[in-house]
Amino acid sequence: MTHEDLAAQYCATVSQNVALAEGYLFESFSECSMSAKIKRSVKDIDFNKIRTFLYEYEIETETGNWKRLGFEREISDYSVYSFSPSGKKLATFKKVSNESKKESAEYEVEVWNNDSDQGISLASKFSTKTSHGEIMMDGWFGDFNWSPDESCAVYVAQKPLKTSLSFFSPPEEGKAVGDQFLYKEDWGEKYAGVFDLSLYIVNFENHKVAEVPNIDPSLCPGQPQWAKQGTYIVYTAWKTLPRKLGIIYCYQRSCGLFSANVSLLALELSINTSSEKIGKIEIEHKAMTQNDILALFPRISKCGEKLVWLSRKEGFSTHSGAFRLALGNLSDDGQIEAQKNLVDITVNPASDEEFPGLWSSSLPSACWAKNNSEIFLSSNLRSRECVLKINADDGKVEIVNEGKGFDESLPKSSASVLSVGSQGRNALISFSNPNSPKKCAVYLHNGKMICGPDFGPISITKDVKVPKELISKAKQSFEGLQFEVLKFKPKNENLSFEAILIKPNSSEKVAFPLIVIPHGGPHSAHSTSFVAEYAFLCGIGYALLLVNYRGSTGFGEGPLNSLPKNIGTHDVDDMVQATREVCGRDDMDENRVALWGGSHGGFLACHLTSLFPDMFKVAMIRNPVVNLASMVTSSDIPDWCYVETLGQESFKDGKLGLMNAEDLNKMAKVSPILNVKNVKAATLLGLGAKDRRVPHSQGLEWFNALRANEVTCKLLFYPEDTHALDKPGTSADFLLNAVLWL
């Protein structure tokens, strides 16, 4: 196969991937129809960026028909593209390019009305001018939340930067001298340049924007929600002292919920005056969850009186863990009353069938249903992502994608919640499995499903011509993939782990070459979702083994906690056991086994090729951890090195300034670099120059050691990429290089 053919086949497969960024479901009062608005993210290799398209559908409840409304609309240029809860308004924020204003960012704001009598009209248009810096719509800090009367919204943005003058510059009022190069601490990986955040309220009718004042400067606010009919906002705030540690994928960072009565500020914004300035208003911010070390993702009921959130009273030290789902009533003074846990922690599930607890990375923005009596959310349950419906009275948990509708559509599928409908009756969800890209469905309040149509392919490059028949062939290829979830039990252990085996469909008796793929984290998990890159690899003849070793999320708190202090042993043993058992099958070629892994998956790939040099012939590794003793002082998450090597109680804030030889020696002992001399596998490395999580010096250590030992190796160095190597051009380049390397 030529590189042109390879690129065309890659495009034919990846163009059919469906990545859904957001979804809205608007229900009519008559219950006979609904409308859905769905955002789809698409890779653009030519411009090396992600583009976003909006799809709109009318759904007939009785017939189950989804009617596409027009052509998909590109909305990539908007920082905010948000429909109001009623669906009658649309707010857009578009950044105005202005290189002369380094201190702040300017946004052009438009609000559109969609009235059944008057049609669509532009209601207002104005500029935020110099109110704040970049708006955060990242899914972690950022949230854009409409007020109940839809006249305002609250959101998160960076505070305007304070600039300083050189000692040799003319003086300017209010500007300090000599602090041009003063160090500013940001939030690490993926958040380079994100320094100080605040909450802002915009009034769409009077075109005013104001910062919510008096937020504790030692806290970083995010995830704001309106409550109590628009008189209060409730938000999450993270501690920033003694230093900011990397926060993306780090759910253990200490945080709590706070409330603020903003009625006076909202009133001031609503007064129609020519002045854009807001008078000084003092606002009291109250801690709501003093007993929780972790409290985040507050979600207010449609009536504005109830609150659910992800809670962990005792916290955890690993970067991910199980949460409780807490519920409480909001009092008139912004406090929580009658708090209770709807879903508790499951430590050691008695069997694989027992519910393993709540493993959610967030809560949907609209999650309340059925007159505030049910909550919909997504959770990782063993090797699947599942939609859970939770009773707000007794905490009873129902796994939605184990019902008839799902099993008939996609057996063993993974699913997630996009949104609960505007009237709280139904839920918009997405689902997929390894041989079927994501589709949407409406889960009706009566338990039935209305499945949506295929989204169809979108071209990811203009430079590679992909014939229509190749797209059809690629679709037939991944639709024919076979997959199964395998269960394993380590020797002398009560715990179990799983792996997902995906293989090409073949009518002939074939022994497939195998690519073994450990996930990163280590506290994350593979799921039975569609991954276009995996479908592509299977499409060219490879079987894949995705291993959820001990320590993966979704299996219970006990199994997760078994890995810290045991990295490099338990996870390695599980990888070897799964590989050996699968290679013992007639349809696998034990002489053609490769490894693919990044981050902690790269750590495992390096260990496996050095400890079992004859088992794995080839390795493709991205941003691997190879030497914890050198990583601990250079990563944005030094605590990871402590917790995973020395145990959950090993890291305290004081450790940031107190290294000792004993700790460093233990970190070195669990590092792959000690055994690099044994490696035989031809190794392809991919490193991101801007990786703050696992600095590229880690991968360079491995590469230079391999070269010194005359092992066949190649290094791909991506100057603009961070840890995930997820820029469209980068991920495509590494994958195609990997295929040629196999």
Side-chain angles (χ1 to χ4, degrees), residues 15-42 51-76 78 80-92 112-116 119-120 146 364-367 369 376 378 387 400-401 403 405-406 408-410 413-433 436-459 475 529-530:
S15 66
Q16 299 181 74
N17 186 50
V18 178
L20 301 180
E22 206 172 354
Y24 304 82
L25 183 65
F26 300 108
E27 299 161 325
S28 64
F29 288 101
S30 66
E31 299 193 36
C32 63
S33 66
M34 298 167 277
S35 66
K37 302 180 190 298
I38 300 163
K39 296 178 183 178
R40 176 186 180 184
S41 299
V42 177
R51 298 170 70 173
T52 306
F53 294 84
L54 181 73
Y55 291 70
E56 299 184 78
Y57 296 91
E58 283 290 337
I59 306 164
E60 295 178 1
T61 307
E62 210 167 296
T63 64
N65 182 50
W66 288 57
K67 180 184 177 184
R68 179 86 167 269
L69 302 179
F71 200 69
E72 60 264 27
R73 187 187 325 158
E74 183 170 8
I75 57 174
S76 307
Y78 296 100
V80 175
Y81 197 95
S82 177
F83 294 96
S84 67
S86 69
K88 294 179 179 179
K89 292 184 179 182
L90 166 68
T92 66
W112 293 81
N113 287 342
N114 186 3
D115 188 274
S116 57
I120 298 172
W146 288 77
S365 293
C367 65
F376 280 81
S378 310
V387 173
V400 169
N401 51 318
F406 269 94
E408 291 167 1
S409 302
L410 287 176
S413 62
S414 281
S416 60
V417 183
L418 293 172
S419 179
V420 169
S422 56
Q423 302 297 321
R425 291 193 297 265
N426 312 302
L428 180 65
I429 59 180
S430 67
F431 59 104
S432 71
N433 68 28
S436 178
K438 278 187 180 177
K439 294 181 180 180
C440 280
V442 175
Y443 177 80
L444 299 176
H445 58 84
N446 60 11
K448 294 183 179 180
M449 293 269 295
I450 303 178
C451 294
D454 292 343
F455 281 88
I458 291 185
S459 175
K475 184 177 182 182
S529 300
F530 182 82

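Owing to the predicted nature of the structure, the values given are computational and were not obtained by experimental measurement. Keep in mind that the numbers below use all heavy atoms, side chains included, and drop hydrogens, waters and symmetry copies.
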### Query
Between Arg51 and Glu74, does a salt bridge (Lys or Arg N to Asp or Glu O under 4.0 Å) hold up when you go through it step by step?
CA-CA 7 Å; Arg51 298 170 70 173; Glu74 183 170 8; 2.7 Å; yes

### Task
Begin with the C-alpha distance, continue with both residues' side-chain angles, and end with the deciding distance and a verdict on side-chain contact (heavy atoms from CB on, under 4.5 Å) for Phe455 and Ile38.
CA-CA 10 Å; Phe455 281 88; Ile38 300 163; 4.1 Å; yes

### Query
Could you walk me through whether Tyr24 and Glu22 pass the side-chain contact (heavy atoms from CB on, under 4.5 Å) check?
CA-CA 7 Å; Tyr24 304 82; Glu22 206 172 354; 3.2 Å; yes

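Inter-residue side-chain proximity for Thr52 and Tyr78 is flagged as unmet; no heavy-atom pair is nearer than 4.5 Å. Side-chain contact between Thr61 and Arg425: absent, with no pair of heavy atoms (C-beta onward) separated by less than 4.5 Å. Side-chain contact check for Lys439 versus Val18: every heavy-atom pair is 4.5 Å or farther apart. For the pair Cys440/Leu20, a side-chain contact is recorded, criterion being any heavy-atom separation below 4.5 Å from C-beta on. No side-chain heavy atom of Glu72 sits under 4.5 Å from any side-chain heavy atom of Arg40. In this structure, the side chains of Ser432 and Ser529 come closer than 4.5 Å at one or more pairs of heavy atoms. Counting heavy atoms from C-beta on, the side chains of Ile450 and Leu444 come closer than 4.5 Å. Counting heavy atoms from C-beta on, the side chains of Glu31 and Gln423 never come closer than 4.5 Å.
At most 12 non-hydrogen atoms from other residues, nucleotides or ligands lie less than 6.0 angstrom from NZ of Lys88. The 12-atom threshold is exceeded at NZ of Lys438, counting heavy atoms of other residues, nucleotides or ligands nearer than 6.0 Å.
Here the CZ atom belonging to Phe29 is positioned 7.5 Å from the OG atom belonging to Ser422, to the nearest 0.5 angstrom.
The minimum heavy-atom distance between Ser35 and Glu58, with the atom names listed, is CB-OE2, 3.6 Å. Summarising the geometry of Asn401 relative to Val387, their closest heavy-atom pair is OD1-N, 3.0 Å, with the distance given to 0.1 Å. Pairing each heavy atom of Ser436 with each of Phe530, the nearest pair is O-CB, 3.3 Å. Between Glu27 and Asn426, the shortest heavy-atom distance links the atoms OE2-N, 2.7 Å. When all heavy atoms are compared, the tightest approach of Phe431 to Ala441 is CE2-CB, 3.5 Å. The two atoms that bring Ser82 and Trp146 nearest to each other are OG-NE1, 3.0 Å, heavy atoms only.
Ring geometry, Phe83 versus Tyr81: the interplanar angle exceeds 60°, so the pair is classed perpendicular (tilted spans 30 to 60°).
A donor-acceptor pair is defined here as one N or O able to donate and one able to accept, closer than 3.5 Å; no such pair exists between the side chain of Ser15 and the backbone of Pro457.
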